[in-house]
Amino acid sequence: MRPFLVSVGKGETMPRKKTDPAPAHDKRKAALYVRVSTKHQVDKDSLPMQRKKLKEYCKMYDIGEYQIFEDDGYSAKNTDRPNFQKMMDCIRKGDYTHLIVWKVDRVSRNLLDFAAMYKELKEYKVTFISLNEQFDTSTPIGGAMLKIILIFAELEREMTSERVTAIMLDRAENGLWNGAKPPLGYSVDPEKQILMPVPDEKETVKMIFDLYEKLHSCKKVARFLQQNGISPKFHREWLPESIRRTLRNTVYIGTYTYNQYEFHGNRRPESEWIIKENNHPAIISRDQFDRCNEILDRNATSRAGQNTFMCLAGN
């Protein structure tokens, strides 16, 4: 099996074999890059196997100096990996003449990321070798084949993402919690995969709703909790915004809402939301929830009116 090789400078297009005479100026040094996305990869893609194959290649083609750069547990969706970036910094300094990998997708399954890396390699006259793909990209056909492989690698990543999304939506349709940190007052039942109340946190949630009904102020509720030594679940201190989010969260009346937001935080149309009422044990009654939210709405309207008046007065 012949690995594909990119020849980026003048001279040889294939690595010199051990039987060939070595020119005096031949000071080849290789960066060997290995990666797996999880610690549960099948053996053929494991880190030890990749290291072994790359070292054997260096020995076969008389590349005496090499350094291994290893990223364990990183995805190929982009090149934001510590040791990959460290390797590229070394390449930019002129430390290596070759970059050798087991497969193209060990570098990236993103076509744009790989193209950017490949362009840099050409600029620094670094030869790129993949042991697993059997063609030579120094020819026009080989170059076209490289692009096709990358397109299909990226397509595979996108299809995997779609499958994961479909699984998550199906879980939500069945009322199962989808892996995010459970909100204050709840933990996830490891067997049923639904939210279950946590006794101490449950009492804190009830206190927040009771206090807000009396005080009508998120700031005052936060101050009361802070002064009385009641610790928040996710932050160092209680903030008015975290009180407001608690009061607005329908999870406390037993309703599970999923798929409200896109990855970047934009709100999706309500038609795409998954809403499961009576999905898990409630902590707050619907009546109290509605009362608190009516107060929130009135306060918001009042603040908006005050802001408008101040703007007009300022003019």
Side-chain angles (χ1 to χ4, degrees), residues 2-17 22-37 45 47-133 135-140 142-154 157:
R2 185 179 65 164
F4 87 69
L5 173 110
V6 179
S7 181
V8 295
K10 295 180 180 179
E12 60 183 3
T13 58
M14 283 294 294
R16 178 178 51 80
K17 291 186 178 181
H25 65 275
D26 189 6
K27 295 182 180 180
R28 295 183 296 178
K29 184 175 180 180
L32 312 182
Y33 183 70
V34 296
R35 178 192 67 79
V36 292
S37 58
D45 282 332
L47 292 173
M49 183 283 300
Q50 292 180 55
R51 286 194 295 265
K52 179 173 180 288
K53 294 294 183 182
L54 296 182
K55 288 179 182 179
E56 288 175 353
Y57 180 89
C58 289
K59 184 177 180 181
M60 181 182 300
Y61 289 99
D62 199 23
I63 300 176
E65 291 188 69
Y66 58 80
Q67 183 174 352
I68 297 174
F69 295 86
E70 180 177 307
D71 282 314
D72 185 2
Y74 285 87
S75 167
K77 65 181 180 181
N78 57 47
T79 56
D80 187 18
R81 294 167 240 134
N83 283 319
F84 179 86
Q85 293 300 328
K86 180 180 178 182
M87 176 187 70
M88 291 304 298
D89 287 341
C90 292
I91 286 173
R92 294 176 189 117
K93 295 175 184 176
D95 292 350
Y96 303 105
T97 59
H98 293 68
L99 168 55
I100 308 175
V101 301
W102 169 241
K103 292 171 68 176
V104 169
D105 66 6
R106 298 303 88 190
V107 172
S108 179
R109 291 181 178 177
N110 183 298
L111 181 58
L112 294 178
D113 284 343
F114 187 91
M117 183 209 71
Y118 179 50
K119 181 180 178 182
E120 276 204 272
L121 294 183
K122 289 196 292 184
E123 289 174 358
Y124 291 100
K125 294 182 171 59
V126 173
T127 299
F128 179 71
I129 301 171
S130 172
L131 304 191
N132 201 56
E133 282 80 16
F135 54 83
D136 183 349
T137 57
S138 63
T139 67
M145 289 298 293
L146 171 61
K147 293 176 183 177
I148 291 171
I149 275 193
L150 289 170
I151 288 171
F152 275 96
E154 188 167 8
R157 179 178 65 83

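Source: prediction; values computed, not measured.
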- Does some side-chain heavy atom of D72 sit less than 4.5 Å from a side-chain heavy atom of L47? yes

- Query: Quick one: does T79's side chain get under 4.5 Å of M88's, heavy atoms only?
  - Reply: no

- Message: Counting C-beta onward and ignoring hydrogens, is there a side-chain heavy-atom pair between I91 and E120 closer than 4.5 Å?
- Response: no

- Message: With a 3.5 Å distance limit and no angle check, can you tell me whether R35 reaches the backbone of R106 through a side-chain donor-acceptor pair?
- Response: yes

- Task: With the side chain counted from C-beta on, respond yes when Q50 and V36 share a heavy-atom pair under 4.5 Å apart, and no when they do not.
- Result: yes

- Quick one: closest heavy-atom pair of R81 and D71, and the distance? CB-OD2, 3.2 Å

- Message: Let me confirm one number: the CD1-CD1 distance from I100 to I129, rounded to the nearest 0.5 Å.
- Response: 4.5 Å

- Message: If I take atom CE from residue M87 and atom OH from residue Y96, how far apart are they, to the nearest 0.5 angstrom?
- Response: 9.0 Å

- Could you go step by step and tell me if N83 and Y33 meet the side-chain hydrogen bond (donor to acceptor under 3.5 Å, both in side chains) rule? CA-CA 9 Å; N83 283 319; Y33 183 70; over 6 Å; no

- Query: Can you name the side chain to side chain contact (heavy atoms under 4.5 Å, CB included) partners of E65, sequence neighbours left out?
  - Reply: K29

- ring pair (Phe, Tyr, Trp, His ring centres under 6.0 Å) partners of Y66, counting only residues at least two apart: none

- Task: Identify whether the distance between the nearest side-chain nitrogen and carboxylate oxygen of D89 and R92 falls below 4.0 Å.
- Result: yes

- Item | Y74 and D80, any side-chain heavy atoms less than 4.5 Å apart | no

- Message: Less than 6.0 angstrom from the centroid, inside 45 degrees of the normal: does K53 satisfy that with respect to the ring of Y57?
- Response: no

- Atom pair CZ (F84) and CG (L99), whose distance is rounded to the nearest 0.5 Å: 7.5 Å

